[in-house]
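Since the structure comes first, as structure tokens, the remarks are kept for the end.
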Amino acid sequence: VVADVTEEKNRSKGMAFIGMAFGLGFIFGPAIGGLLSLVDLTNLYPLSVEMGINPFSMPALGAALLTFLNLFLVLRFFKETNKEQHQAKISHPRSINPLVLFKPLPYANVNLVNFGHFFFLFLFSGMEFTLTFFAAEKLGFNARQNALMFVFIGLVLAFTQGGYVRRKAASVGEKKMSLQGLFLVMIGLFCLSFTTNKMLLYTALFFLATGGAMVIPCLTALASLLLPKEVQGRGLGLFRSLGALARVVGPLLLSVIYWKIGSSSLYLIVAVLFCIPLLFISKIKQVKKNSDFQK
């Protein structure tokens with residue numbers, strides 16, 4: 001949708017708005033969930049336990065209601081943005097096999113973005129998922145402190161994407177800003193591996209959130225800019241699907257490794273492995289417009 005309603009020169013700006021909304025969700029989501037968790041339905045209605053109700057049912061119910069509200073708003077007010085109705089000339093068969101996602105597209109630079117995005121989110125989401133384990137194990141954080149940690153991450157995401165990325169991505173260049181973000185994430189991971197107190201933790205989180213806020217919208221903009229218009233939907237769908245797969249596999253694998261070798265070793269290894277997405281993104285050639293992309 002952002003690709004449809006923005007011009008190429010402000011594509012990354014539009015993607016940054018989406019990222020800013022994501023950051024604000026990190027701020028308000030934990031706050032709303034925390035407030036709703038104060039309402040324990042098992043105390044109010046003891047017999048509801050037999051129906052499967054538990055102390056965390058109220059936050060789950062609140063999330064479900066917000067999801068239904070979102071669905072209603074989309075169905076009622078969200079208009080089709082692809083007015084030209086670009087259609088790919090070749091029909092592409094669908095498959096439930098996730099390995100099909102790794103089949104290269106006939107656009108070399110787009111493949112570099114897609115695979116760089118996959119490995120970035122694989123490592124980043126895995127690290128992100130273990131943060132609550134790390135904070136509880138190393139610093140004794142409780143649920144409230146963990147929620148505040150994610151509020152801090154959300155604030156950094158929102159300010160970075162709403163301020164710096166939205167204003168500077170086009171002039172700095174999406175590729176260059178993505179590389180800068182990857183370097184910041186690597187610094188954050190090194191800091192995290194040596195964290196022993198809250199100050200070091202929040203320093204690491206600042207680098208991690210700032211770097212992540214720079215990488216995600218810029219890679220999305222790159223994928224969009226490097227695709228011809230008639231395959232934007234399929235290409236960006238593949239891009240997002242690889243990201244979704246990474247968000248599934250990354251947390252599962254890195255959580256297992258976390259409990260096997262410990263946080264310090266894990267975060268150092270992940271920092272080194274960030275050289276993989278760094279290599280993919282660094283090999284992207286000069287970004288071309290949709291109309292004159294290079295295969």
Side-chain angles (χ1 to χ4, degrees), residues 1-23 25 70 74 78-122 124-125 161 165-166 169-170 173-175 177-178 181-182 212-250 277 280-281 283-295:
V1 169
V2 173
D4 286 340
V5 301
T6 58
E7 298 177 357
E8 291 172 345
K9 63 182 180 181
N10 62 356
R11 186 67 47 78
S12 54
K13 180 179 179 180
M15 299 300 179
F17 268 116
I18 299 297
M20 184 173 64
F22 188 79
N70 194 29
V74 169
F78 196 74
K79 305 300 181 183
E80 176 58 61
T81 57
N82 188 7
K83 296 180 180 180
E84 297 181 21
Q85 292 295 317
H86 294 294
Q87 298 293 334
K89 296 179 181 179
I90 303 174
S91 60
H92 301 281
R94 302 190 181 198
S95 173
I96 61 172
N97 181 4
L99 296 179
V100 173
L101 296 175
F102 294 96
K103 183 180 180 180
L105 293 173
Y107 319 107
N109 286 334
V110 176
N111 293 322
L112 292 172
V113 176
N114 283 348
F115 297 145
H117 179 241
F118 172 82
F119 283 108
F120 166 76
L121 276 183
F122 174 87
F124 192 86
S125 62
Q161 292 182 330
V165 178
R166 185 172 64 87
E174 290 83 359
K175 173 184 172 180
M177 187 170 284
S178 297
L182 288 170
M214 295 165 66
V215 173
I216 295 173
C218 288
L219 288 186
T220 309
L222 272 175
S224 172
L225 292 169
L226 291 166
L227 285 163
K229 287 185 177 180
E230 64 270 16
V231 294
Q232 285 244 347
R234 178 174 182 265
L236 288 174
L238 178 63
F239 174 87
R240 298 291 293 184
S241 296
L242 281 168
L245 180 63
R247 288 187 180 277
V248 172
V249 181
F280 277 114
I281 304 307
K283 286 184 173 293
I284 296 172
K285 296 179 182 179
Q286 180 65 34
V287 177
K288 300 292 181 181
K289 303 300 182 183
N290 296 121
S291 56
D292 60 355
F293 66 94
Q294 290 184 339
K295 290 189 179 182

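One is the number of the first residue; the rest follow in order along the sequence.
- Across all their heavy atoms, His117 and Gly243 have their closest contact at CE1-CA, 3.6 Å.
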One pair to check against side-chain contact (heavy atoms from CB on, under 4.5 Å): Phe78 and Val1. What are the steps and the verdict? CA-CA 11 Å; Phe78 196 74; Val1 169; 3.7 Å; yes
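- With sequence neighbours excluded, no residue satisfies ring pair (Phe, Tyr, Trp, His ring centres under 6.0 Å) with Phe115.
- Interatomic distance, CG of Leu219 versus OG of Ser224, reported as 12.5 Å (0.5 Å rounding).
- Residue pairs meeting the ring-ring contact (aromatic ring centres under 6.0 Å, His included) criterion with at least one partner in residues 212-234, sequence neighbours excluded, are absent.
- The minimum heavy-atom distance linking Ser125 with Ala246 is given by the pair OG-O, 3.5 Å.
- The nearest pair of heavy atoms linking Ala213 to Val165 is O-CG2, 3.7 Å.
- The backbone N or O of Leu112 sits nowhere less than 3.5 Å from a side-chain atom of Lys283 that would complete a donor-acceptor pair.
- Rounded to the nearest 0.5 Å, atoms CD1 (Ile284) and CG (Leu222) are 5.0 Å apart.
- The ring-ring contact (aromatic ring centres under 6.0 Å, His included) contacts involving residues 213-232 comprise nothing, where partners must be two or more places apart or lie in separate chains.
- Minimum heavy-atom separation, Gly181 to Met214: N-CE, 3.8 Å.
- Closest approach of Ser178 and Ile281 over heavy atoms only: CB-CG2, 4.1 Å.
- Taking CZ from Phe118 and CZ from Phe280, the interatomic distance works out to 10.0 Å, rounded to the nearest 0.5 Å.
- To the nearest 0.5 angstrom, Ile216 atom CD1 is 5.5 Å from Leu121 atom CG.
- Note: Lys285 NZ to Lys175 NZ = 10.5 Å, rounded to the nearest 0.5 Å.
- Residues Ala223 and Phe239 approach most closely at CB-CD1, 3.8 Å, considering heavy atoms.
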